[in-house]
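Below is one structure, written out as structure tokens, with a few remarks after it.
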Amino acid sequence: MSGKDFTEHILHYRNIFIYLLIGTALTVGASYMDFNVSNSIAGAVFVGLTIATVKGYLVAANFMHLNSEKKLIHWILLLTVFFLGLLLLIPLLWDINLISNY
Amino acid sequence: MFESLGNISNYLGMPMGSSSHSQSIDFMIGWVHWLMIVLFVGWGIYLIITVIKFNAKANPKANHKGVTSHISQYAEIGVIVFEAFLLIGLSIPLYSQLKTTLPTDDDILEIRVVAQQFAWNIHYPGADGQFGTTDIYLVDEESNRIGLKRDGYGTDDIVAINQMHLPVDQQVLIHLSSKDVIHSFSLPEMRVKQDAVPGMTIPIYFTPTMTSSEFMTKIQGTAREGKGYEIACAQLCGNSHYRMKGYVTVETDAEFNAWLEEEAEYLEDEDDDDW
Amino acid sequence: MSDSHHEESFWRKYIFSTDHKVIGIQYGVTALLFLFFGFSLMMVMRWQLAFPDTAVPFVGGLIKWLADLNGFASDGNLPADLYNAFGAMHGTIMIFLGVVPLVVGAFGNYLVPLQIGAVDMAFPKLNMSSYWVYFIGGVIMFASFFLPGGAANSGWTSYPPLSDIATTGQTYWLLGMVFLITSSLLGSINIIVTIVQLRAPGLTWMRLPFFIWSQFVTSFLLVLAFPPLEAAGIFQLMDRVFHTSFFLPTGLVVGGEILNVSGGGSPLLWQHLFWFLAHPEVYVLILPGMGIIAEILTNNTRKPIWGYKSLVYSSAFLGFMSFLVWAHHMFLTGMGQGMSVFFQTTTMIISVPSVIILSCFMLSLWGGSIRFNTPMLFALGWIPMFGIGGLTGLPLGLSTPDIHLHDTYYVIGHFHYVVAPGTIFAIFAGIYYWFPKITGKMLNETMGKIHFYTSFIFMNGIFWPMFIQGLAGVSRRLADGGTSYAHAQDVLNWNAVMSYSAWLLALAQIPFIINLILTLKKEREANPDPNPWKATTIEWTDTTSPPLGHGNFEKVPTAHRGPYEYSVPGEDSDFTPQSQN
Amino acid sequence: MEIPYNVELREDTGLYNSKLGIWLFLASEVMLFGGLFSAYILLRTGAPVWPPIGEHGSITHLLTETIPHATFNTVILILSSVTMVMAWMSLRMKDLGKFKLYLGTTIVCAIIFLVVKYFEYSHKIHEGFVPSHDTYMALYFTLTGLHGVHILGGIVVLAYFFGPGLKMWDVEPQRFTNRIEIVGLYWHFVDLVWIFLFPTLYLLN
Ligand code: HEA
Ligand code: HEA
Ligand code: CUA
Ligand SMILES: [Cu+2]
């Protein structure tokens, strides 16, 4: 890699840093706001988690340079994320689907 | 035909069925065992033949290619089709009928069962047909194991320990819960089983179709002669799990009502000194 | 390699070795001892089941001593408290300290680098630490027997609230599990990296022996399924040590006292996290076993395995699906229609790849030239035994029959057929088969055959009657084998039959143990045949028996063909080694 | 005897061994925290009020007070992630001095994070909000505690590479750079977990 590439990289990392700071500010700000979803914080949760996901993506894609990582790694992570989804979702759906909720 | 094929369940050694749905579960078990038997016997015969036919002496030179026919694929498709039948044709509809379609009749006997280490507390609503409220702060292992409030609806409620009486041929709806750990409410003869999970109240419903006395005559001569219906505990719940049991008496309407009255009288007598 | 060889100290060579072969043997010996220990617990339990509340012969004194130590009353009989502890520890030891370390730790470690022509595992130091972490886990589990209140006694499934309020043994169990989980994680990451990165030149994915594939899928199961149980274990530790209420709902009354916790937790949360691991775990037990069986079947039929690709795809699919079926262990915890439809459907789907794998194995026999040596006998015995175990999984997998069969001896019968005459037979087959590789000496065939036939008979003697009892509705985990319950009376007489079979099974292991000892003591021939079975895979053809110390191979082998080129038309010999040009 | 692909890349996968290893490890970590978050979702949806009210009432007021601390910690952790990646970049530019500077900053950030955590914990415990107080507190302590353990582990490893581990740079610079990439990946992951913990535990109540 040449020196120019390095400067580019460094600038890039600095930008990501700034985005992440903005993201943090937004999350904190959002938590004080009222999203008018009739008496529930569902709106805030949604907004909060969306921002977190974006931030998470920024870290994973750039600092962990996932966007230029090898295919094999992508496949492993895809599999993991799929199972993660199951783990998070099914207990929730299950709770809704209990026969004791009659 | 359909029914008679399912009938191998008669030879599988399940206890004598004595609820309105026990037959359908037995048939279902019978049907699955058909699949299992066919697969096992079929492949078993194949295995024996192969092992004899292709031993190194009889067949010194192996064939690099081996089987080329597609029979096994057909067998696999057969298995899939049959499993789909078991699943869609039998199990799914039956499960919804037995577990998740709660009865809506008025004419239904409602009972609460509260499991605890190591007993079954059976709670009848009494003459008013309404359950009293409970409060864990009222629990007393000697006199009030389920913490029942003896006022309002609770005045006439009957709480029996390990004694469950049921009228024959009437649907019963049990609200099952637990005071401490997970238990499992099991009536093997009625093909009823349900975990009792603390923090949850889970409904069970079924219709007993054979009175205890009829059952007792039928089991004469077998090893369990003289031992009627019992509530077994099917989930490990502590050291005395193996002897956590209740007794079930299925009787005619008249007998059942007589029992209820007797219990109600007993309750009044007790009231005088205890409450 | 051999020239750069320098004398290593005893410690570096045998205790803290980083050589995958030594670590594999360490795993193997430790795990066999634990297997034996787990079996011994069960033999004592079987006495209690057959003859409740009578003093146990031979070891009665020991039982009494242990009961005194734990604070239970015993006259040499096995009290219920101790029965439950033994039962929970039998399950835990057999699975986490016996079979998994054997099939992954021992077979995986020893064979994976050899079969793919690698010099060692990818991370030798990690490999060593994974063994020692396992060892510590084992010591903690073992120590828990001597605590007041005894070892964990809430079943190997440790369902709360029971386990939350159980005696100290449960805390040890959880700590032990944290170590065992960590060890498995380290080991399986190592195996995956080794397989992906260190394959010999020319050894493409579709040229891998099926054993390698089975290890590959298994390791993925371990990496992705174990952590949720670790999370659950941490929660339960918090519940027990810091009195939180992850698994405790509000308003529990235990023994007449209101439980002093905040409440608000969910007992079912544990079950989800536990079975999210424990169902994939059962395929961890069986997949490597299938791998072993595949190697032995092809070798002794002298022909390629039938349907190699279907085997590979089926096992990968099996691995994937095993994450989607966990709640078939929870049909009776109050699940509604939607979830029951989902989980019974996935369960039926997952039975299909197993059927395909078994069919491929059986079709492989057709047209073969079958040699009946001991490993092959165990492999052949394995097929119908796994068949019975797998088939009896079907009624359990459908939620309606499960209403009657759940938590009965039918379940016990089902899974013992897959793990005892299933996995254990595969392990035996593997030991007989690779013993000459490891030591350069063949085990005695006659004793091996006695071992097989007697084990085969008595295994069935133990586990077949369980189906009869299970259909009759006898619950599992009953300290008196059902004596208290009316519905069990009809089938009680089977208890003694099963127990006698279990003790006879123990006797049947004597020829095996003697065989091991005698063969190990025997002088090794000067130049043992490195390939006594005339096999094709790299571990047999490219290195000596036993293989070289560090480095395994004189020169790195190259693969030129698939793994099972037996009886290729036109070739002189009936096997063509993978690395032959 | 050397294990191949320790430093150089394997042709068909394009990876060196520990790169694959660390990603598998992170995959398992995803499932570990997945289990924890799954518990959070289940317990939270099952609770009538959140955070639940216990012996000492509800934690809400205390939480509002801690938001500035937690925000500060978030920023610190993001900063440490940036310096981590810069440390790796410096190695690739063969600038050992800068590497030390950046790695040092990362370690200092991590320590600051833990110190702030310490005050946060002791404040809560002091007010009676111990883990057994209610399920929110139980989750709070378990999740942040486990995350803290990860930070602690990270500090130990980073300190090793700052001190004795640095020797490798002189003999096998490429291998050393790889190792820093690996710990970097771990470190970013720990940061990533915090990015999710922060809103779920502190903000959305
Ligand atoms: C190695 C371990 C292993 C394996 C492979 C399996 C395989 C299967 N298991 Fe099993 N299971 C366990 C270990 C295993 N299980 C354990 C340990 C428990 C109990 C845990 C506890 O509660 O303590 C359990 C419990 C268990 C339950 C819960 C029961 C209950 O508690 O009520 C269920 C329910 O669905 C189930 C289903 C299945 C199914 C559908 C398969 C399928 O994968 C099987 C598919 C296989 C086939 C369908 C066979 C194909 C056969 C042929 C092709 C014919 C062959 C014929 C000849 C060779 C002659 N298992
Ligand atoms: C891998 C798992 C595994 C294995 C192999 C076994 C093997 C056996 N199991 Fe076990 N069992 C479980 C896992 C296993 N079990 C589990 C998970 C439970 C549920 C626990 C619970 O309820 O929580 C259970 C429960 C269980 C019960 C029910 C208890 C109850 O519900 O109350 C019974 C009853 O008979 C039983 C019996 C046996 C027997 C007779 C064997 C025999 O087949 C054993 C055969 C073993 C050998 C043949 C090993 C021989 C080894 C050697 C000889 C080594 C030689 C050593 C050297 C050379 C050093 N088991
Ligand atoms: Cu109650 Cu077992
Ligand atoms: Cu399962």
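Below, chains carry the letters A, B, ... as their sequence lines are ordered, and counting in each starts from 1.
Heavy-atom distances place no part of C/Phe72 under 4.5 Å from chain B, backbone and side chain included. Using a 4.5 Å cut-off between heavy atoms, B/Val67 touches chain C through backbone and side chain atoms alike. For C/Ser266, no part lies under 4.5 angstrom from a heavy atom of chain B. Contact of B/Lys57 with chain C is not made at all, since no heavy-atom distance falls under 4.5 Å. Only the side chain of C/Gln271 has a heavy atom closer than 4.5 Å to any heavy atom of chain B. With a 4.5 Å cut-off on non-hydrogen atoms, B/Lys99 touches chain C through its side chain but not through its backbone. With a 4.5 Å cut-off on non-hydrogen atoms, C/Met335 touches chain B through its backbone and its side chain both. With a 4.5 angstrom heavy-atom cutoff, C/Ile356 touches chain B via backbone and side-chain atoms both. Proximity to chain B (any heavy atom under 4.5 Å) is shown, for C/Leu82, by neither the backbone nor the side chain. Using a 4.5 Å cut-off between heavy atoms, C/Ser369 touches chain B through backbone and side chain atoms alike. With a 4.5 angstrom heavy-atom cutoff, B/Ile136 touches chain C via backbone and side-chain atoms both. Of the atoms belonging to C/Pro267, it is side-chain heavy atoms, and not backbone ones, that fall under 4.5 Å from chain B. Contact annotation for B/Ile71: neither backbone nor side-chain heavy atoms come within less than 4.5 Å of a heavy atom of chain C. Contact of C/Trp306 with chain B is made through the side chain alone, with heavy-atom distances under 4.5 Å. Looking at B/Met36, the atoms closer than 4.5 Å to chain C (heavy atoms on both sides) sit in the backbone and in the side chain alike. In this structure, chain C has a heavy atom under 4.5 Å from the side chain of B/Tyr46, while its backbone stays farther away. For C/Pro79, no part lies near chain B; criterion is any non-hydrogen pair under 4.5 Å. Interface remark: B/Ile146 contributes no atoms to any contact with chain C (heavy atom separation under 4.5 Å). In this structure, chain C has heavy atoms under 4.5 Å from both the backbone and the side chain of B/Ser91. Interface residue C/Ile383: only side-chain heavy atoms are found under 4.5 Å from chain B. Using a 4.5 Å cut-off between heavy atoms, C/Leu358 does not touch chain B at all. Interface remark: B/Val32 contributes side-chain atoms only to the contact with chain C (heavy atom separation under 4.5 Å). Within the 4.5 angstrom heavy-atom criterion, atoms from both the backbone and the side chain of C/Thr392 approach chain B. Proximity to chain B (any heavy atom under 4.5 Å) is shown, for C/Tyr485, by both the backbone and the side chain.
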| request: Could you check C/Asp480 against B/Arg243 for side chain to side chain contact (heavy atoms under 4.5 Å, CB included), going step by step and ending with a plain yes or no? | output: CA-CA 9 Å; C/Asp480 62 355; B/Arg243 54 194 164 105; 5.6 Å; no
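The two residues C/Leu405 and B/Lys193 make their nearest non-hydrogen contact at C-NZ, 4.0 Å. For the residue pair C/Ser484 and B/Lys245, the shortest heavy atom distance occurs at O-NZ, 2.6 Å. In this structure, B/Asn59 and C/Gly367 approach most closely via the heavy-atom pair ND2-O, 3.5 Å. Across all non-hydrogen atoms, the minimal contact from C/Ser475 to B/Ala234 is OG-CA, 3.6 Å. Heavy atoms only, all atoms of each residue included: C/His487 and B/Ala232 are closest at CE1-CB, 3.8 Å. A pairwise comparison of heavy atoms in C/His404 and B/Pro188 identifies CE1-O, 3.9 Å as the closest pair.
When B/Asp140, B/Val51, B/Val139, B/Thr222 are compared by the number of non-hydrogen pairs under 4.5 Å with chain C, B/Val51 comes out ahead. When each of B/Lys227, B/Arg224, B/Gln116, B/Met14 is checked for heavy-atom pairs under 4.5 Å with chain C, B/Arg224 comes out on top. With chain B as the partner, the residue from C/Ser359, C/Gly87, C/Gly265, C/Gly473 showing the most heavy-atom pairs under 4.5 Å is C/Ser359. Contact count versus chain B (heavy atoms, under 4.5 Å) is highest, among C/Glu565, C/Arg302, C/His406, for C/His406. Between chain C and the residues B/Ile49, B/Ile25, B/Ile219, B/Ile204, the most heavy-atom pairs under 4.5 angstrom are made by B/Ile25. The candidate from C/Ser340, C/Gly336, C/Gly155 with the greatest count of non-hydrogen atom pairs under 4.5 Å with chain B is C/Ser340. Annotation: maximal heavy-atom pairing with chain B below 4.5 Å, among C/Arg477, C/Gln469, C/Arg371, C/Met362, occurs at C/Met362. Per-residue heavy-atom pair counts under 4.5 Å with chain C were compared for B/Glu141, B/Lys179, B/Lys53, B/Gln73, and the maximum is reached by B/Lys179. The candidate with the highest count of non-hydrogen atom pairs below 4.5 Å against chain B, out of C/Val355, C/Ile370, C/Asn84, C/Leu365, is C/Ile370. By number of non-hydrogen pairs under 4.5 angstrom with chain C, the leading residue of B/Pro60, B/Ser240, B/Gly44 is B/Pro60. Of the listed residues C/Val253, C/Leu478, C/Asp574, C/Asp164, the one with more heavy-atom pairs under 4.5 angstrom with chain B than any other is C/Val253. In terms of heavy-atom pairs under 4.5 angstrom with chain C, the leader among B/Thr101, B/Ile182, B/Asp180 is B/Asp180.
Around CH2 of B/Trp43, the count of heavy atoms belonging to other residues, nucleotides or ligands within 6.0 Å exceeds 12. Residue-environment remark: CD (C/Glu257) stays at or below the threshold of 12 foreign heavy atoms within 6.0 Å.
Remark: B/Leu94 engages B/Ser24, B/Met28, B/Gln97, B/Leu98, C/Thr400 in a side-chain contact (heavy atoms from CB on, under 4.5 Å) (not counting sequence neighbours). Take B/Lys218 and apply the side-chain contact (heavy atoms from CB on, under 4.5 Å) test, not counting sequence neighbours, and it matches B/Met16, B/Met210, B/Glu214.
B/Arg191 is not listed as a side-chain neighbour of C/Ile403, based on a closest heavy-atom distance of 4.5 Å or more. At least one side-chain heavy atom of B/Ile29 sits under 4.5 Å from a side-chain heavy atom of C/Pro401.
Expressed to the nearest 0.5 Å, how far CD of B/Glu225 lies from CG of C/Asp490 amounts to 11.0 Å. How far CD of B/Gln235 is from CG of C/Leu162: 9.0 Å, rounded to the nearest 0.5 Å. Residue C/Asn153 holds its CG atom at 7.5 Å from CG of B/Leu236, rounded to the nearest 0.5 Å. One distance of note links CD of B/Glu83 with OG of C/Ser351; it measures 3.5 Å at 0.5 Å rounding. One finds the CZ atom of B/Phe54 at 9.0 Å from the NZ atom of C/Lys303 (value rounded to the nearest 0.5 Å). Here B/Tyr95 contributes atom OH and C/Leu398 contributes atom CG; the two are 12.5 Å apart, rounded to the nearest 0.5 Å.
Listed for the B/Asp195 side chain is no donor-acceptor partner under 3.5 Å among the backbone atoms of C/Gly334.
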